[in-house]
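For the numbers below, each heavy atom of this structure counts, side chains included, while hydrogens, waters and symmetry mates do not.
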Amino acid sequence: MNPLACSEPMEPALLVLENGQVFEGFSAGAPGTGFGEVVFNTSMIGYQEIITDPSYAGQLVCFTYPQIGNYGINALDGQAAHPALAGIIVNDLVRQPSHWLSAMTLPDYLMQEGIVAIEGIDTRALTLALRETGAQRGAVSTQILDAAELLDLVRQSAPIGEKNLVGEVSCSAPYEVEASPLPWPKTAPHDLKRVVAYDCGEKRTILTRLIGAGCALTVVPWDTPASQALALEPDGVFFSNGPGDPQSVPQVVEAAAELMGRVPAFGICLGNQVMSLAAGASIEKLLYGHHGGNEPVMNLLTGRCEVTSQNHNYGPVFSSFGPLIPELSGGIQEHQEDLRFWARCHVAPVALNPRFGRVRLTHVNLNDGTCEGIQFLDIPAFSMQYHPEAAPGPHDAAYAFKAFRALMDHDPRYLDAHQEKAGMLYA
């Protein structure tokens, strides 16, 4: 339903960016004002998973697909009990969804959860602006309709990198995860691997995938010391996705630094950044990040391009892990700023890290040449910047969960980079 053609009266709403750009629209959710970093997501489906993804805490999400809410809200697809994002921005929010699982409309859900939303704006123009300037602070308001006043408040708001958003979305106490309701192959109780999962804002589907790989999970808060995790005698440790700048949560980095090398470790998204920081590597903030379900990533171990689901504004800098080992990097001695160089060479380069030994670059983003995955060759650990659980998105990288299980099983094929199913590929 186009808000401009709607017969019902529409409440005005305002979107203001910190650079002074103003977009006028209509309220499509709860009344109020939401401040956050404005980013855009290019997914055509999966809006419920996106809205409930804890990694979006502190952000205002612009959906590039023009019509959102077509199939309503159901009881199955939520990634957290409640959304943590600051608000959403759409062109057209559907008020009459059609799907047999739909339990309520998206506008009703936003109202119920207290999430501010604006519709009726040119989301293509906003997306193009963000591509030029990068992610910006902004605000969506149904209460403050004076653009100058709202702009002043936006510029006074704290940047996302100065907030500990992980602490806002993590669990408050450890808990055990119940068995998956999905028809995964059953794993005998004696064959389950005990995994401690650090909750930095994890999505439910990730836990489901770990269960499906034969893991018995104990989820712990983000600031759990390594000693407490080790006291649980885990077969492996997992570092989850989460919001914001990983450098704002040094407690997780310290725990990772102590655990890596002592137990097999696996990280996704923020978890990848945390493990990189634990190795002494640097983290960079991308201009506008990767948010969508169709990001092309080259698996350097197999030469295959994976279509991936992503949601992050930060990522590790591969050159900061240490100098290249030429004999393991195709004879090349110097790091390359654009990592697509390695995709063209069909080489997975290896750096010598002073803390953990050899670190191999395994995945590269083919849009911008940034690091999407690493593998530690001298300790049992690997991590991925994108989302192999695909909620929403493609399943090209679902092998990552099997790879983690193989790592805990000490399966020698995990490190065999010379066969068809090489390295982390366990399809």
Side-chain angles (χ1 to χ4, degrees), residues 3 10-42 50-51 53-64 68 82-91 93 107 110-111 113-169 201 242-248 284-291 311-314:
M10 304 292 290
E11 296 294 329
L14 203 61
L15 165 64
V16 173
L17 304 182
E18 65 176 295
N19 68 355
Q21 285 185 279
V22 177
F23 296 83
E24 296 180 353
F26 303 92
S27 175
T33 302
F35 294 92
E37 184 177 59
V38 184
V39 297
F40 61 87
N41 187 296
T42 59
I50 293 166
I51 290 170
D53 182 350
S55 293
Y56 277 117
Q59 292 184 317
L60 294 160
V61 181
C62 169
F63 287 92
T64 62
I68 299 296
H82 302 282
L85 78 179
I88 69 169
I89 303 160
V90 302
N91 177 263
L93 203 65
L110 297 172
M111 183 70 74
E113 296 294 335
I115 301 298
V116 179
I118 185 171
E119 68 171 323
I121 70 167
D122 188 342
T123 50
R124 283 195 301 180
L126 174 58
T127 299
L128 289 172
L130 295 175
R131 280 181 61 88
E132 292 295 324
T133 64
Q136 296 186 49
R137 288 175 296 172
V140 170
S141 183
T142 65
Q143 300 169 322
I144 305 170
L145 301 179
D146 181 278
E149 179 184 354
L150 191 57
L151 175 60
D152 185 55
L153 293 173
V154 167
R155 289 174 173 171
Q156 293 179 41
S157 63
I160 196 169
E162 296 180 2
K163 304 174 183 178
N164 177 3
L165 296 167
V166 168
E168 297 179 12
V169 296
D245 186 343
Q247 296 168 108
S248 67
E284 64 179 344
K285 185 172 185 181
L286 307 178
L287 182 62
Y288 46 81
H290 303 150
H291 309 277
N311 175 22
H312 60 97
N313 271 25
Y314 297 84

For [X] and [Y], which heavy atoms make the closest approach, and how far apart are they?
X      : Y      : answer
Gly34  : Val116 : N-CG2, 4.2 Å
Leu110 : Gly29  : CB-CA, 3.9 Å
Asn313 : Gly289 : OD1-CA, 3.5 Å
Ala30  : Thr142 : O-CG2, 4.3 Å
Leu93  : Pro107 : CD2-CG, 3.6 Å

- Taking the side chain from Asn91 and the backbone from Ile121, do they hold a donor-acceptor pair closer than 3.5 Å? yes
- Message: Donor-acceptor check, side chain of Ser27 to backbone of Pro12, threshold 3.5 angstrom: yes or no?
- Response: no
- Query: If you count the non-hydrogen atoms of other residues, nucleotides and ligands that lie under 6.0 Å from CZ in Arg124, is the total more than 12?
  - Reply: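 It does not: Arg124 CZ has 12 such atoms or fewer within range.
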Heavy-atom side-chain contact between [X] and [Y] under 4.5 Å:
X      : Y      : answer
Ile51  : Glu113 : no
Asp245 : Lys285 : no
Val166 : Ser248 : no
Leu150 : Thr33  : yes
Tyr56  : Asn41  : yes
Ile68  : Glu119 : no
Val154 : Phe35  : yes

Nearest-0.5 Å distance, [atom1] of residue [X] to [atom2] of residue [Y]:
X      : Y      : atom1 : atom2 : answer
Thr133 : Leu287 : OG1   : CG    : 7.0 Å
Leu286 : His291 : CG    : NE2   : 8.0 Å
Glu132 : Tyr288 : CD    : OH    : 9.0 Å
Ser55  : Asn311 : OG    : CG    : 5.0 Å
Phe26  : Glu11  : CZ    : CD    : 10.5 Å
Thr127 : Arg131 : OG1   : CZ    : 9.0 Å

- salt bridge (charged side-chain N to carboxylate O under 4.0 Å, His left out) pairs, two or more places apart, involving residues 22-31: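 Residue pairs passing salt bridge (charged side-chain N to carboxylate O under 4.0 Å, His left out), neighbours aside: none found.
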- Note on the structure: Per side chain to side chain contact (heavy atoms under 4.5 Å, CB included), Leu85 is matched among Leu60, Val61, Val39, Asp53 by Val61
- Query: Is any side-chain N of the basic residue among Lys163 and Glu37 closer than 4.0 Å to the acidic one's carboxylate O?
  - Reply: no
- Message: Can you confirm whether the side chains of Asp152 and Gln156 place a donor and an acceptor under 3.5 Å from each other?
- Response: yes
- Item | side-chain contact (heavy atoms from CB on, under 4.5 Å) between Ile50 and Phe63, worked out | CA-CA 10 Å; Ile50 293 166; Phe63 287 92; 3.9 Å; yes
With a 3.5 Å cut-off and sequence neighbours excluded, list the donor-acceptor pairs that the side chains of residues 13-20 form with protein atoms.
| from | atom 1 | to | atom 2 | distance (Å) |
| --- | --- | --- | --- | --- |
| Glu18 | OE1 | Arg137 | NE | 3.4 |
| Glu18 | OE1 | Arg137 | NH2 | 3.1 |
| Glu18 | OE2 | Arg137 | N | 2.7 |
| Asn19 | OD1 | Gln21 | N | 3.0 |
| Asn19 | ND2 | Gln21 | OE1 | 3.1 |

